[in-house]
Protein chains: 2
Amino acid sequence: MKIYEAQAAPNPRRVRVFLAEKGIQVPYEQIDIGKAVNRQPEFRKINPLAGVPVLELDDGAHIAESVAICRYFEEIHPAPPLFGIGARERALVEMWQRRVELYLFIPIADSFRQRHEFFKGRIRQVPEYAEAQRQNAEERLAWLDAELANRRFIAGDQYSIADITAMVGIDFGRVSKIAIQPGQKNLARWHAEVSARPSAKA
Amino acid sequence: MKIYEAQAAPNPRRVRVFLAEKGIQVPYEQIDIGKAVNRQPEFRKINPLAGVPVLELDDGAHIAESVAICRYFEEIHPAPPLFGIGARERALVEMWQRRVELYLFIPIADSFRQRHEFFKGRIRQVPEYAEAQRQNAEERLAWLDAELANRRFIAGDQYSIADITAMVGIDFGRVSKIAIQPGQKNLARWHAEVSARPSAKA
């Protein structure tokens, strides 16, 4: 078993933090995304969509998509639970994981991808969309700050995969100058707490 | 228990098809998205992000996000399994559900949302991005056609939530003139099969 990843990219960090929380060690193989190694035919046999990370199982199966990789480890190594326990909590964690991914992490990523030199020629860039998503992301930070007024973590009283997605997304906002604002005290309190966990350095 | 939804929108259809496959009946309450009832303060108490569908549990909890609602029913009513069985298969289904959602369903939805009159004033529209996503969606249909050369369903030999997401997304492509092309025989074969299931009419 090994994981193909790229140290500086945000999605691989989600998996590294998740595994650190579980106390699981998996060998990593670095893919040079700066040289677009992930877009070459050899890597596309591993993931035709060219994304990292990808988990390679011992039987040769390849599991792409950060959340799918995390799900695999949740199943084989349930403690501590990071997707919730029981139908109700699992659904609520999934709701929050999706909310922070679709409406915060992805807008922050788009703010970078849709206008930065790095993605020129790699995707169809629309710089005007980068700006729209930057504004969307800032609105969602304000919304998330309000949501965090009455609970410790994104999905409730327990740290979960939703916290990982939100933390990694917000930290990646730095490259697009998207940041927690001075008045957003709840978000700042939450961010300080999740960032102080040893897993945040993974 | 009930589900707030809107009959004509694609995300609610994902949940209806899922529940039909499970043989579960849940009362529905229609929300008039044409009149933007979902964007008014009363509905935002149910889902601050204004999306439908939303599942309301008997204890008053609200679960938004189609896949989170489906996950809830998978947990309380596991048969037939639509998220896979066992760590490996569950991870592969999740990978495929995410691939068809992030790289096909969402581009198809963006092709509509980012330029159609319906979303004017509701979201920050960037028509140029609608066109980029239309082209992305067409490329992904070609890719998916190739993927389906050697297996019956999106995630393998079993029908899963990934088939539901892909079918609903592709059917919604009609409003943006995105469609399976004449040469895409594998995709056409798969689409005919999933569309013939009674659940497709839900």
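Everything numeric here is computed off the predicted structure, so don't read it as measured data. Residue numbers start from 1 in every chain, and the chains themselves are labelled A, B, ... in the order their sequence lines are given, proteins ahead of strands.
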query: Considering only heavy atoms, which portion of B:E147 lies under 4.5 Å from any heavy atom of chain A: side chain, backbone, both, or neither?
result: side chain
statement: dist A:M95:CE -> B:H62:NE2 (nearest 0.5 Å) comes out at 10.0 Å
task: Count the heavy-atom pairs under 4.5 Å between each of A:G51, A:A146, A:A87 and chain B, then report the option with the highest count.
output: A:A87
- prompt: Less than 4.5 Å apart, any side-chain heavy atom of A:R88 and any of B:D59?
  reply: yes
Name of the residue among A:I63, A:V67, A:I69 meeting side-chain contact (heavy atoms from CB on, under 4.5 Å) with B:E94: A:V67
query: More than 12 non-hydrogen atoms from neighbouring residues, nucleotides or ligands closer than 6.0 Å to CG on A:D32, yes or no?
result: yes
Enclosure of A:Q158 CD (heavy-atom neighbours >12, cutoff 6.0 Å): no
query: Considering only heavy atoms, which portion of B:Q97 lies under 4.5 Å from any heavy atom of chain A: side chain, backbone, both, or neither?
result: side chain
query: Are more than 12 heavy atoms from other residues, nucleotides or ligands located less than 6.0 Å from atom CZ of A:R151?
result: yes
query: What distance separates A:I106 CD1 from B:I106 CD1, expressed to the nearest 0.5 Å?
result: 5.5 Å
message: Under 4.5 Å from any heavy atom of chain A, what part of B:L102 do you find: side chain, backbone, both or neither?
response: side chain
- prompt: Do the non-hydrogen side-chain atoms of A:Y129 and B:R124 ever get within less than 4.5 Å of each other?
  reply: no
- line: chain A shares the most heavy-atom pairs under 4.5 Å, among B:C70, B:A61, B:A64, with B:A64
Atom group of B:Y103 that falls short of 4.5 Å from chain A, counting heavy atoms: side chain
message: Out of A:V93, A:N136, A:L92, return the one with the most heavy atom pairs under 4.5 angstrom to chain B.
response: A:N136
query: Around atom CZ of A:R174, are there more than 12 heavy atoms of other residues, nucleotides or ligands at under 6.0 Å?
result: no
statement: Turns out that what part of B:Q114 lies under 4.5 Å from chain A's heavy atoms comes down to side chain
- request: Below 4.5 Å from any heavy atom of chain A, which atoms of B:W96 appear? Answer side chain, backbone, both or neither.
  value: neither
- request: Taking all heavy atoms of A:P48 and all of B:R99, pick out the closest pair and write down the distance.
  value: CD-NH2, 3.7 Å
Rounded distance [0.5 Å steps], CZ in A:R71 versus CZ in B:F83: 7.5 Å
message: Side chains of A:W143 and B:L49, heavy atoms from C-beta outward: is any pair under 4.5 Å?
response: yes
Which portion of B:L57 sits near chain A, non-hydrogen atoms under 4.5 angstrom: side chain
query: How far does CZ of A:R90 sit from CD of B:E75, to the nearest 0.5 angstrom?
result: 5.0 Å
Most contacts with chain A, counted as non-hydrogen pairs under 4.5 angstrom, among B:Q135, B:E128, B:Q125: B:Q135
Euclidean distance, A:R98 CZ relative to B:E101 CD, rounded to 0.5 Å: 4.0 Å
- request: Quick one: closest heavy-atom pair of A:A68 and B:A91, and the distance?
  value: CB-O, 3.5 Å
